[in-house]
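Everything on this sheet refers to the single structure shown next.
Naming: A, B, ... by sequence-line order, numbering from 1 per chain.
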2 protein chains.
Amino acid sequence: MATEKRGDGTVGKALDVLNEVAEIGSPVRFSSLLKTSKYPKATLYRLLQTLLNQDMLSYNAEEQTYKLGLKLVRMAHAAWLQSSLAPIALPFIDELSDKVSETVHLAQLDNGQVLYVDKRNPSSPIEMYSQAGKVGPAYCTGVGKAMMAFLDEDELSRVISKQAFFKYTDFTITSEKELRKELAIIKKQGISFDKQEHEAKIICISSPILSVKGRVIGGLSITSSIDIHSLESLEEYKPQLLETSKLIGKEAGAWNFPEQHN
Amino acid sequence: MATEKRGDGTVGKALDVLNEVAEIGSPVRFSSLLKTSKYPKATLYRLLQTLLNQDMLSYNAEEQTYKLGLKLVRMAHAAWLQSSLAPIALPFIDELSDKVSETVHLAQLDNGQVLYVDKRNPSSPIEMYSQAGKVGPAYCTGVGKAMMAFLDEDELSRVISKQAFFKYTDFTITSEKELRKELAIIKKQGISFDKQEHEAKIICISSPILSVKGRVIGGLSITSSIDIHSLESLEEYKPQLLETSKLIGKEAGAWNFPEQHN
DNA sequence: GAACTAAGTTCCACTATTTGGAAAAAGTTA
DNA sequence: TAACTTTTTCCAAATAGTGGAACTTAGTTC
């Protein structure tokens with residue numbers, strides 16, 4: 001689904017096109033973009049040229065395809081440093097993953113979705129970058145539910161309205177009603193579980209990261225598979241998970257980490 | 001130094017502002033940006049509003065500061081997947097780092113600078129994300145020199161013209177003449193060394209990654225410190241490094257990885 | 001090799017957006 | 001309250017963007 005944005009003039013249109021290219025995920029030809037795009041041929045063409053000029057896109061002359069430019073990778077590094085919880089949380093996540101020897105994820109809510117901003121995987125330190133910047137659904141992931149559970153009603157309904165409720169597995173929650181019930185339980189318990197709701201065999205235990213003022217600024221999870229852990233054995237990590245989340249929240253407060261507007 | 005770009009209209013200006021925020025590296029106030037910016041107050045203000053609307057920036061109302069938005073992190077993930085060598089090179093880098101048990105970097109030339117797109121660090125799998133998207137100087141890093149050495153004259157002079165020749169250490173090359181001499185040697189040998197030219201104590205051995213057509217598409221390095229290795233002991237990795245580079249080059253050809261325009 | 005087709009690029013009169021000086025709000029300090 | 005700083009709004013003039021149509025290029029067919 002292409003990102004719809006109310007008129008921010010030309011800049012909005014250009015970024016719209018950039019998003020389209022991003023969402024397609026592989027090099028695209030002009031004509032292919034044109035089919036999807038809401039802009040007329042000449043306009044689209046000019047926008048693409050501008051983005052090329054700005055190195056936001058790169059063009060393969062041989063294949064006549066456009067794709068995202070490396071400039072974005074550079075910018076994102078800066079964005080990650082200054083806008084994500086990751087740099088603040090880094091030492092705490094390291095320590096947690098060392099202690100428990102499990103895969104740890106750090107996420108934030110972004111536009112109703114879960115945005116993973118860091119990950120530790122002690123056993124196999126590979127396939128790592130492939131995770132920062134990755135997005136996932138909020139309604140069927142541990143971190144997503146943990147963060148949602150601690151939003152206030154206004155924020156929550158905004159976030160819920162953005163959920164697709166697609167049934168990934170037999171265990172996926174597929175209605176707002178069910179979700180709200182689950183969130184109430186999570187709020188009581190302070191932690192959430194992903195019971196194979198997003199991917200078969202994958203389970204996790206998660207906690208929200210709250211600012212000193214009690215607002216949700218992120219989520220933390222320990223992920224495993226049913227081949228290795230039961231939900232009960234994951235629950236043993238609860239104290240460490242909560243402790244780490246608390247420490248990160250405090251540190252973020254000290255750093256004056258901004259409260260997001262999800 | 002702010003990025004100067006010839007007129008791409010409003011879009012160019014907006015991205016210019018975005019760059020400015022990125023380069024400052026920490027949350028900035030309006031007035032602070034205004035001082036640096038070449039745009040008049042009202043214009044700058046509107047550009048910032050547009051970028052905010054588009055989630056490219058986020059705003060902290062309490063502190064009245066702007067910073068890069070998480071949307072960039074998401075986009076960059078897509079960019080990394082579709083425009084960097086990293087996904088293609090992944091298995092080869094894993095294997096190399098496993099075999100040699102040393103820190104391995106994968107880089108590309110971007111606008112005359114070295115852009116690190118992946119890294120493996122077998123001993124301590126931490127501080128990882130902090131590297132993808134990081135940029136470094138080309139004239140005083142192993143990968144930078146290795147890549148430069150295999151550019152054709154046109155590209156090379158363009159890249160050289162962008163070098164700052166800042167003297168980071170006592171060993172930094174600080175003139176075009178010296179650099180060209182060094183590059184000639186590197187071209188002959190097929191590999192380059194960083195002899196503490198960028199950071200004290202840090203040394204590395206690097207090779208360019210060439211496409212099947214012989215064009216530079218990236219660089220690969222094994223990094224260490226003089227506390228652990230001598231240049232001679234690093235040189236022992238030469239065969240493996242060259243072999244891996246060759247494999248990546250081949251694979252990239254198969255994937256039709258585009259030849260960059262540095 | 002002329003005629004057809006599809007993809008990409010350019011043109012230009014028309015229009016909508018951007019511009020920026022100036023002035024009003026909002027917030028700070030004295 | 002006055003003097004100040006910083007941020008935000010306004011609006012007529014100026015500029016930049018628009019998009020239908022025409023053109024170019026490359027590839028295919030008869």
Close N/O contacts between protein and nucleotides 12-16 of chain D (under 3.5 Å):
none

>> For B:Lys162 and B:Asn111, which I'm curious about, is there any donor-acceptor pair between the side chains at under 3.5 Å?
In response: yes
> What integer distance in Å separates A:Arg46:CZ from D:dG19:P?
Replying inline: 8 Å
Quick one: which protein N/O atoms are closer than 3.5 Å to N/O atoms of nucleotides 4-8 of chain D? Pair and distance per line, please.
from, atom 1, to, atom 2, distance (Å)
D:dT7, OP1, B:Arg29, NH2, 3.4
D:dT7, OP2, B:Ser31, N, 2.8
D:dT7, OP2, B:Ser31, OG, 3.2
D:dT7, O4, B:Lys41, NZ, 3.0
D:dT8, O5', B:Tyr45, OH, 3.0

>> Rounded to the nearest 0.5 Å, what separates atom OG in B:Ser32 from atom CD in B:Gln64?
In response: 12.5 Å
> What is the 5' to 3' range of DNA chain C, first to last nucleotide, that sits under 4.0 Å from any heavy atom of chain A?
Replying inline: C:dA7 to C:dT18
> Between B:Phe30 and B:Tyr66, is the gap from one ring center to the other below 6.0 Å?
Replying inline: no
> When the ring planes of A:Phe166 and A:Tyr168 are compared, do they come out parallel, tilted or perpendicular, using 30° and 60° as the limits?
Replying inline: perpendicular
>> Between B:Lys38 and B:Asp16, does any side-chain N to carboxylate O distance fall below 4.0 Å?
In response: yes
> Which heavy atom in A:Ala89 sits nearest to a heavy atom in A:Leu106, and how many Å separate them?
Replying inline: CB-CD2, 3.7 Å
>> Looking at every non-hydrogen atom in both residues, tell me the closest pair between B:Ala146 and B:Ile186 and how far apart they are.
In response: CA-CG2, 4.2 Å
>> To check you understand the geometry: which heavy-atom pair defines the closest contact between A:Lys145 and A:Leu183, and what is its length?
In response: O-CD2, 3.4 Å
>> Pair A:Lys41, A:Leu34 - check side chain to side chain contact (heavy atoms under 4.5 Å, CB included), show working.
In response: CA-CA 7 Å; A:Lys41 198 156 50 156; A:Leu34 184 59; 3.8 Å; yes
>> Taking the basic N atoms (NZ, or NE/NH1/NH2) and the acidic carboxylate oxygens, is any pair closer than 4.0 Å for B:Glu153 and B:Arg180?
In response: yes
